[in-house]
There are 2 protein chains.
Amino acid sequence: MSPPTPRKRRGSGRATIHDVARLAGVGSITVSRYLKKNGYVSAELGARIDAAVAQLNYVPNLVAGGLASSRGKIVGMVIPNISGPIFASTIQSFSDTLNRHGYQVLLASSYFSAEQEENAVRTFLGWSPAALVVTGRFHTKGTEALLAGAGIPVVETWDYHPRRKPIQVGYSNAEVGAQSARYLLDKGYRRIAYVLNSVAGDLSALDRRDGYAAVLRERGIKPWTYTPTELAPFDAGRQALEALTRGRRKADAIVFANDNLAAGALLASQRAGMRVPQQCALMGFGDYAFSPLLLPSLTTIRPPGREIGELAARRILQALGELEPDQRNGRLNLLDCELLARESA
Amino acid sequence: MSPPTPRKRRGSGRATIHDVARLAGVGSITVSRYLKKNGYVSAELGARIDAAVAQLNYVPNLVAGGLASSRGKIVGMVIPNISGPIFASTIQSFSDTLNRHGYQVLLASSYFSAEQEENAVRTFLGWSPAALVVTGRFHTKGTEALLAGAGIPVVETWDYHPRRKPIQVGYSNAEVGAQSARYLLDKGYRRIAYVLNSVAGDLSALDRRDGYAAVLRERGIKPWTYTPTELAPFDAGRQALEALTRGRRKADAIVFANDNLAAGALLASQRAGMRVPQQCALMGFGDYAFSPLLLPSLTTIRPPGREIGELAARRILQALGELEPDQRNGRLNLLDCELLARESA
DNA sequence: TTGTAAGCGTTATCAA
DNA sequence: TTGATAACGCTTACAA
């Protein structure tokens with residue numbers, strides 16, 4: 001009857017579930033039940049509750065809900081970096097998919113540092129998240145312990161490796177390296193070098209190199225790895241190109257650990273008047289935004305960034321019972337990378 | 001004496017502040033005070049608490065803390081999209097700066113839709129965030145009401161406009177348009193066209209066009225706007241180039257609403273054998289990753305994305321009392337864009 | 001400097 | 001189908 005007059009000493013000042021209940025003339029637990037659509041609320045009360053919610057412009061307090069249920073609708077994601085060309089699409093699709101089911105994403109960057117990752121995981125745990133996502137399979141002991149003890153779904157993204165326990169959603173870096181090597185061998189190249197990057201902590205490039213090396217050895221060719229000393233990727237790419245094409249032994253094809261390095265080499269080759277791919281074929285990894293725009297356009301391999309984010313989100317929602325499990329089973333979490341044959345190789 | 005045996009009926013199973021207090025032999029409020037370093041805890045008790053925290057591997061429950069203080073250490077950020085070339089660096093620097101002060105960032109994408117923005121803001125409010133960040137100054141009435149009623153610091157990013165009340169951190173799109181026009185006029189170009197993009201909802205391009213048009217009118221030149229019908233930006237750029245250089249009236253310089261459009265035009269010009277900038281100068285906006293790599297490299301204007309994120313975070317921390325206000329005052333939130341004079345104009 | 005009591009706004013549990 | 005009561009784990013207010 002009387003208008004709701006909260007007049008709290010503390011509190012946010014916003015309408016609470018009790019205000020709604022009072023206005024609708026029902027118990028607050030009924031409002032709670034109705035709003036999360038768990039059934040068992042009559043249509044009549046439902047309508048009264050709807051009206052009260054609208055009148056008070058009620059927004060449920062998710063913090064209180066999370067505390068009461070010890071299961072907040074939050075998912076933490078630790079990713080090496082947000083602004084690089086690589087992970088943004090994963091974050092985007094991950095966040096969009098979870099948002100659609102009422103979950104929010106907390107984000108933190110590790111910058112390829114296992115210690116920063118551990119800090120982020122520790123902080124996230126304080127929000128009692130419903131699930132956690134990390135990148136790759138290399139973590140500190142502390143992170144492993146935190147993840148194991150959290151009792152929530154944990155997904156490792158990007159790097160798919162056999163024989164690991166946690167849910168993994170990603171692709172095989174070794175297979176990517178093998179793909180590059182097979183492609184170049186099939187095109188007739190034989191003096192194929194591999195250029196690592198200089199980002200400390202990006203261990204996936206080593207996996208790719210190993211995949212490349214294995215294929216070469218299978219065909220009786222000795223692998224050839226070059227590690228630039230320049231730190232800036234464009235400079236490192238140029239340095240690698242010079243080192244691998246000016247010596248006595250000349251590469252006829254070069255696989256770079258990523259498209260930044262390859263772009264550096266491509267630009268250097270233009271300046272030096274070198275014909276690509278005739279004198280030396282160049283190949284990258286990542287399919288960055290500029291790669292199709294270079295002249296010659298860069299042959300590269302596209303990692304399934306968007307697909308990883310979406311599938312990781314789906315796996316989490318399934319583990320939380322918010323989504324039906326997929327029909328077919330098997331290695332569904334191992335995604336393929338697409339080789340984009342363009343002009344440079 | 002006896003080891004802590006929680007044995008709770010509900011709860012997360014993790015150690016609580018009470019477990020720490022019991023183990024350290026102090027009251028739980030003392031633990032709370034000590035952990036947030038508000039002083040008033042003796043060194044001796046502090047040491048005992050530290051030991052207990054370490055022994056139990058205690059992680060404070062931020063959900064409970066947020067509920068009790070009705071002031072969670074969370075900041076919500078609504079941004080048009082994460083994976084585009086534009087906003088990623090803002091998200092990165094924003095998140096990093098806040099993380100450093102113990103705040104976590106909740107992220108949502110609006111895809112330039114004011115309705116989606118409102119939904120995101122409504123959901124964020126449920127987490128009783130410490131502050132909220134939105135992009136631009138165009139919101140629904142509902143969003144305005146939610147933001148005004150939230151009673152927390154709100155920052156509008158990217159678009160700085162005179163005479164708005166909320167904290168704004170950004171640059172002037174009108175000034176960007178004016179910058180482009182002045183640069184081209186100073187280089188001697190006179191038949192300068194402006195090409196809009198076709199992304200519905202990106203109203204900032206219109207502001208840039210207005211700035212360009214104002215400068216041209218000042219010099220007695222009639223502005224010339226072209227709006228492509230193609231949706232894909234590269235196609236739209238090509239279409240604009242053709243329309244503006246093939247007719248009877250030929251542009252000698254074209255300003256594009258963004259680098260994607262400009263890149264489409266640049267590639268089309270190469271294919272058509274047109275000399276850039278001699279026959280027609282091309283200019284973009286955004287300084288995307290590929291822009292310095294194009295041939296000719298793209299003259300463009302770099303928006304201060306990283307700076308916006310960091311400054312927005314600083315303004316929020318200052319509003320929350322976590323950081324000292326800056327010494328100097330004035331229009332400190334209006335950032336400059338850098339014109340990168342490269343080869344295409 | 002430390003402690004006690006009372007919330008914060010929701011949901012789990014149990015009873016009706 | 002609905003409701004009363006007691007958590008959830010922390011912090012504010014107040015007292016000592």
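Treat the numbers as computed from the prediction; the structure is a model and nothing was measured. Per chain, numbering begins at 1; letters A, B, ... match sequence-line order.
- For A:Lys36, the listed nucleotide lying nearest its side chain is C:dT11; candidates were C:dT11, C:dG3, D:dC10.
- Comparing atom distances between the B:Thr30 side chain and each of D:dC10, C:dT2, C:dT10 picks out C:dT2 as nearest.
- Here D:dG3 presents its P atom at 14 Å from CZ of A:Arg22, a figure rounded to the nearest Å.
- As judged by a 4.0 angstrom heavy-atom cut-off over every strand, B:Leu45 is placed among residues touching the sugar-phosphate backbone only.
- Listed nucleotides D:dC10, C:dT10, C:dC8 differ in distance to B:Leu67; the shortest reach to its side chain belongs to C:dC8.
- Of all nucleotides listed (C:dT2, C:dT11, D:dC10), D:dC10 comes nearest to the side chain of B:Asn61.
- The side chain of B:Val41 has C:dT2 as its nearest neighbour among D:dT11, C:dT10, C:dT2.
- Checking D:dT11, D:dC10, D:dT2 against every side-chain atom of A:Ser42, the shortest atom distance belongs to D:dT2.
- With distances taken from any side-chain atom of B:Ala64 to the nucleotides D:dC10, C:dT2, C:dT10, the minimum falls on D:dC10.
- When distances are taken from the side chain of A:Ala68 to each of D:dC10, D:dC8, D:dT2, the shortest belongs to D:dC8.
- For the salt bridge (charged side-chain N to carboxylate O under 4.0 Å, His left out) condition, no pair includes a residue of residues 93-102 of chain A, sequence neighbours left out.
- Side-chain contact check for A:Arg314 and A:Asn333: no donor-acceptor pair (N or O, by modelled atom type) lies under 3.5 Å.
- Nearest to the side chain of B:Ser32, among C:dT11, C:dT10, D:dT11, sits D:dT11.
- Set against D:dC8, D:dT12, D:dC10, the side chain of B:Ile29 has D:dT12 as its closest nucleotide.
- Using a 4.0 Å heavy-atom criterion, one finds that A:Val63 contacts no nucleic acid atom at all.
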